[in-house]
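Comments concern the structure below.
Residues: numbered from 1 along the sequence shown.
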Amino acid sequence: MNWLTRLLPTRGDTPALDDELRTRLQAWQALAEPDLGRPHFEAAYTVLNTEATGLDLDKDTMLAVGAIRVDGGRFSPADGYYAPLSGQPAAALAGLLHFVGKGPVVVFNTGFNRVMLERALATHLDVAPTWQWLDLRVLLPALFPERIDRPARLADWMRAFSIETFQRHHALGDCWAIAQLFLAAQSRAMAQGAAHARALGDLERARRQLWRQP
């Protein structure tokens with residue numbers, strides 16, 4: 001059992017889903033896996049971000065999720081998803097799965113956002129997506145060391161790129177800023193030969209190993 005599974009709920013406590021939600025889940029499960037070797041500007045990614053009651057993974061819970069699709073190196077305000085988990089969390093998360101498909105997904109800080117999302121999906125839908133997760137908190141220092149060469153906050157990277165958004169600390173508002181950073185990352189990655197999602201995953205692993213070295 002690793003640190004991530006310790007934070008996820010035990011299966012068997014998931015509430016029963018109605019027929020409509022089961023049908024939506026079955027449709028999502030039947031989707032084909034993405035080709036992670038497609039060039040960035042021919043591929044679709046989804047930028048994800050969560051909004052939570054706090055930053056303590058042991059006691060805080062997810063309030064809302066935001067998502068923006070980056071397709072072919074572009075994104076649009078109209079191609080986004082925002083859902084609070086109050087009210088009908090299972091329906092909100094089923095809508096997220098429908099929006100994302102099978103990935104890959106991009107976040108800023110997988111250590112927080114991935115745990116929040118996977119815990120909510122396990123709790124309310126009893127599913128565990130096998131998305132490829134790409135963490136800009138790790139990738140940005142690897143791609144832009146001349147700007148910031150260490151782990152830094154989202155606000156630091158927004159300042160470094162003069163990026164603004166319509167609302168900070170909001171699931172979709174911060175997602176908008178992260179999507180802009182991801183476009184910059186895609187462009188720099190292409191120039192450095194990391195031309196697809198699989199290569200970004202390799203770059204992220206290499207940077208994490210470098211940080212773990214004494």
Provide the closest heavy-atom pair for [X] versus [Y] in the form atom of the first, atom of the second, distance.
X	Y	answer
Asp58	Asp56	N-OD1, 2.9 Å
Ala194	Leu200	CB-CD2, 4.4 Å
Val115	Gly111	CG2-O, 3.5 Å
Leu36	His196	O-CB, 3.5 Å
Phe112	Ala52	CZ-CB, 3.8 Å
Gly73	Leu183	O-CD2, 3.4 Å

Carboxylate-amine/guanidinium proximity below 4.0 Å for Arg22 and Asp19 =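 Here Arg22 does not pair with Asp19 in a salt bridge, since their nearest N and O are not under 4.0 Å apart.
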Review point. Taking NZ, NE, NH1 and NH2 as the nitrogens, is one of them in Arg137 or Glu204 under 4.0 Å from a carboxylate oxygen of the other?
Key: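 Salt bridge: no.
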Hydrophobic cluster membership, [X] vs [Y], 4.5 Å side-chain cutoff:
X	Y	value
Val47	Trp133	no
Leu210	Leu203	no
Val106	Leu97	no
Met62	Tyr82	no
Phe144	Leu154	yes

Evaluation steps, side chain to side chain contact (heavy atoms under 4.5 Å, CB included), between Thr130 and Glu33:
CA-CA 9 Å; Thr130 56; Glu33 295 293 330; 4.2 Å; yes
Do Phe75 and Phe182 have their ring centres less than 6.0 Å from each other?
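That pair fails the under 6.0 Å test.
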Does [X] reach the main-chain N or O of [Y] with its side chain, forming a donor-acceptor pair under 3.5 Å?
X	Y	result
Thr50	Val65	no
Gln180	Glu164	yes
Asp60	Leu55	yes
Gln132	Ala197	yes
Lys102	Trp131	no
Asn49	Leu172	no
Asn113	Phe108	yes
Trp28	Gly101	yes

What's the spacing between [X] [atom1] and [Y] [atom2] if we round to 0.5 Å?
X	Y	atom1	atom2	value
Arg153	Asn109	CZ	CG	13.0 Å
Met116	Leu48	CE	CG	14.5 Å
Ile68	Trp176	CD1	CH2	5.5 Å
Leu21	Gln26	CG	CD	11.0 Å
Asp174	Gln167	CG	CD	9.0 Å
Trp157	Ile163	CH2	CD1	10.5 Å

Who are the side-chain hydrogen bond (donor to acceptor under 3.5 Å, both in side chains) partners of Asp35, not counting sequence neighbours?
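Counting only residues at least two positions away or on another chain, Asp35 forms no side-chain hydrogen bond (donor to acceptor under 3.5 Å, both in side chains).
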Does Gln192, at its CD atom, have more than 12 non-hydrogen atoms belonging to other residues, nucleotides or ligands within less than 6.0 Å?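 Check passes, neighbour count above 12.
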Would one find more than 12 heavy atoms of other residues, nucleotides or ligands at under 6.0 Å from atom CZ of Arg168?
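Yes, the 6.0 Å shell around CZ holds more than 12 heavy atoms from other groups.
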Practice prompt. Verify salt bridge (Lys or Arg N to Asp or Glu O under 4.0 Å) between Arg114 and Asp135, making sure each step is shown before the conclusion.
Written response: CA-CA 10 Å; Arg114 181 176 179 176; Asp135 190 347; over 6 Å; no
Worked verdict on Leu134 versus Val107 for side chain to side chain contact (heavy atoms under 4.5 Å, CB included)
CA-CA 6 Å; Leu134 297 170; Val107 297; over 6 Å; no
Evaluate His98 against Tyr81 for side chain to side chain donor-acceptor pair (under 3.5 Å), listing each step before the verdict. CA-CA 10 Å; His98 176 74; Tyr81 181 83; over 6 Å; no
Would you indicate whether the side-chain heavy atoms of [Y] and [X] approach each other to under 4.5 Å?
X	Y	value
Leu140	Leu181	yes
Thr61	Arg119	no
Leu121	Pro129	yes
Leu17	Leu25	yes

request  = Identify, with sequence neighbours excluded, every residue that meets salt bridge (charged side-chain N to carboxylate O under 4.0 Å, His left out) alongside Arg159.
outcome  =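 Testing Arg159 for salt bridge (charged side-chain N to carboxylate O under 4.0 Å, His left out), a comparison that skips the adjacent residues, returns Asp156.
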Query - Working for salt bridge (Lys or Arg N to Asp or Glu O under 4.0 Å), residues Arg24 and Glu20 - result: CA-CA 6 Å; Arg24 297 196 76 179; Glu20 181 181 350; 5.5 Å; no
- Message: side chain to side chain contact (heavy atoms under 4.5 Å, CB included) for Phe41 and Met190? Distances and angles first, verdict last.
- Response: CA-CA 9 Å; Phe41 295 103; Met190 287 283 286; 3.6 Å; yes
TODO: Under the side chain to side chain contact (heavy atoms under 4.5 Å, CB included) rule, what do Ile148 and Arg150 come out as? Steps first, then yes or no, please.
DONE: CA-CA 6 Å; Ile148 303 176; Arg150 53 179 168 71; 3.9 Å; yes
* Is the cationic atom of Arg69 (NZ for Lys, CZ for Arg) positioned less than 6.0 Å from the six-membered ring centroid of Tyr45 and within 45 degrees of its normal? ->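 Because its charged atom misses either the 6.0 Å distance or the 45° angle limit, Arg69 does not stack over Tyr45.
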Residues 89-96 side chain polar contacts: donor-acceptor under 3.5 Å, at least two apart:
none

